[in-house]
Enquirer: 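My questions all concern the structure below.
Chain letters run A, B, ... following the sequence lines, proteins first and then strands; every chain starts at 1.
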Amino acid sequence: MKVLSLANQPRGVRLRSVASYLPSRVVTNDDLAALGAALTPDEIVRLSGIVERRWAADDEATSDLAIRACRRAVERADLTPGDISRLIVATVSPDHASPSAACFVQRALALGQAPAFDLTASCSGFLYALDCAVRAVLTGDDHVLACAADVRSRFLDMSDRATCALFGDGAGAAVVSSCPPGEGILGIGLLADGTGVHSVYVPAGGSRRPATHATVDAHEHTIRMSEGPQVYLAAVEGMAETSERILGALGLSWSDVDLVVPHQPNRRILERLTRILRIPAEKMFIDVERIGNVSGATCAIALDEALRTRSLPEGARVMLLAAGAGYTAGAALLRIDSDLLARSRRPDA
Amino acid sequence: MIPRERLRAILMNFADVPDRDDAPLTMDSLALVQLVEALEDACGIRISAKDVTREHFGSIDALLALLAVLETKR
């Protein structure tokens, strides 16, 4: 993995704002049981730590959630849509196979002719979008919207014990802008390991196995996780490896990091990650109980909540990290500036 | 190296332990994850995702062989 260190770049890159949107429908473990879930509410808590999650309304699609998060991020950044140079939406559940969800967001936000595209990196989606945004700003873009959004509730099989209770819906977004060198994002890195392509996947609906009556009858349009323990361990390894390589490249250690904001696949994974990284539990931000796993959006949603609710000082170093299907993984180390803290904490219009 | 009887004692917390060490081991995914963490604690090793295969966790003999390899890397 090659770490992009921003210390030696001619311009710095920072998060000018962060925002998120969660749909209003709260789905508890009792609600899942009523829907025929293969796990009892007690089993769900014991296996995952998840108590409730949000699901999109029947008339809401991924771009609807992304639009809400992106609009909020632009407003918090004290910018107008015309200021946005580029839009990146990370998703594995776009509104349609074609065109991109990003183009729906681009239209709704009236982003003029700003280029807009989707990328797919599963639960690492926000980190991948952030990496693209950082590189766009380094090469001249002024303000890039990096968004991750997913509606995975449409792809659940309530009879599947491995996946029926894990996923929620939501969106997170950040406006990524230039800043003086040495401030803002200190480093970012991504990796992928294609040996995990069938670890967590949706078997049908793509070009390899198009939708047919048979694929629908066989529930092949829902999320499958074939080897749960391997996925569990690989997620921890991916997050640990990427974040430690970033610290190594920057000459820092975990004692230099004030808060870790990870993807939230389930509580057991985050507890193992805390042990392996040898960091105090209070440094690990966990909101999986109320949000669940929102795929690529999880990390951005957690960052938004952390900025609003944690008493982080100006200059605090925050490590974002994520890992997901594929396998994919990513991490970024941020230095939080006073503008970002103020924008995150003031009431939205 | 972890003694065979110590491994059997740990396994009993997570699976039905067969009489023979080459007999198949079966457990659900949560038990497997808990077993991995118990073995890491007991042996002072790290078990990675690539180690968790049916081949390595298929019997007590296989598990002992894996642990022997991992303990040499410790």
Enquirer: Decide yes or no for B:E40 and A:I276: does some side-chain heavy atom of the first lie under 4.5 Å from some side-chain heavy atom of the second?
Expert: no

Enquirer: Under a 4.0 Å threshold between the charged nitrogen and the carboxylate oxygen, would A:R275 count as salt-bridged to B:D41?
Expert: no

Enquirer: Contact between B:D28 and A:R161 at the side-chain level, heavy atoms closer than 4.5 Å - yes or no?
Expert: no

Enquirer: Step through the shown structure and confirm whether more than 12 heavy atoms of other residues, nucleotides or ligands are within 6.0 Å of CZ on B:R46.
Expert: no

Enquirer: Can you see which heavy atom on B:I47 is nearest to which on A:R272, and at what distance?
Expert: O-NH2, 3.5 Å

Enquirer: If you check every heavy atom in residues 227-258 of chain A against those of chain B, which residues fall under 4.5 Å?
Expert: A:E227, A:P229, A:Q230, A:Y232, A:L233, A:A234, A:E237

Enquirer: For a 4.5 angstrom cut-off between non-hydrogen side-chain atoms, does A:E271 reach B:E37?
Expert: no

Enquirer: Which residues in residues 9-26 of chain B have a heavy atom less than 4.5 Å from any heavy atom of chain A?
Expert: none

